[in-house]
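These notes concern the structure reproduced below.
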Amino acid sequence: LPSVEARESMIKHHLPPGPQGSGKRADENIDFQKFAGALEGYSGSDIKLVCKEAAMRPLRRVMSQIEILEEEG
């Protein structure tokens with residue numbers, strides 16, 4: 001299993017940079033060391049899936065709001 005340093009590197013690699021054109025990066029407010037510590041015991045594949053799921057949450061939230069608006073309209 002990856003070391004804490006390797007997990008931190010994987011998290012940085014697998015998280016998207018942020019909304020395109022926003023000028024913001026996803027990593028500006030992330031404590032990577034904290035997350036790397038929390039993912040102790042996770043494999044590289046597990047970490048990739050956690051990051052993918054984290055990146056999808058905002059999209060799911062937006063899609064849910066769009067569906068609500070379409071139902072109301």
Side-chain angles (χ1 to χ4, degrees):
L1 294 174
S3 67
V4 69
E5 294 85 8
R7 291 191 306 270
E8 184 175 344
S9 178
M10 288 178 204
I11 295 166
K12 288 178 181 178
H13 175 76
H14 291 300
L15 281 179
Q20 191 172 22
S22 71
K24 296 182 180 179
R25 291 200 39 88
D27 62 2
E28 289 177 353
N29 299 314
I30 297 174
D31 183 348
F32 288 104
Q33 287 183 327
K34 178 180 177 181
F35 284 110
L39 296 176
E40 185 174 351
Y42 284 60
S43 69
S45 295
D46 294 334
I47 293 169
K48 182 178 180 178
L49 290 173
V50 167
C51 292
K52 187 174 183 178
E53 181 62 28
M56 290 298 294
R57 281 190 174 182
L59 179 59
R60 288 190 184 112
R61 198 173 313 132
V62 168
M63 295 303 292
S64 176
Q65 291 298 316
I66 290 171
E67 288 175 6
I68 290 170
L69 291 173
E70 287 178 346
E71 289 173 4
E72 292 175 354

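Environment of CZ in Arg60: crowded, with over 12 heavy atoms of neighbouring residues, nucleotides or ligands closer than 6.0 Å.
Taking CD of Gln65 as the reference point, atom CZ of Arg61 lies at 9.5 Å (rounded to 0.5 Å). Distance check: His13 NE2 to Met10 CE gives 10.0 Å after rounding to the nearest 0.5 Å. One finds the CD atom of Glu8 at 7.5 Å from the CD atom of Glu5 (value rounded to the nearest 0.5 Å).
Criterion: ILVMFWY side-chain heavy atoms under 4.5 Å apart, direct or through other members. Under it, Leu69 and Val62 are not part of a common hydrophobic cluster. In this structure, Met56 is a member of the same hydrophobic cluster as Ile66, with clusters built from ILVMFWY side-chain heavy atoms closer than 4.5 Å. Hydrophobic clustering (side-chain heavy atoms under 4.5 Å, transitive across Ile, Leu, Val, Met, Phe, Trp, Tyr) keeps Leu1 apart from Val50.
Proximity of Leu49 to Glu53: side-chain heavy atoms (C-beta onward) are nowhere separated by under 4.5 Å.
Of all non-hydrogen atoms in Ile47 and Pro2, the two that sit nearest each other are CD1-CG, 4.3 Å. Between Ala54 and Leu15, the closest heavy-atom pair is CB-CD2, 4.4 Å. The minimum heavy-atom distance linking His14 with Cys51 is given by the pair CB-CB, 3.7 Å.
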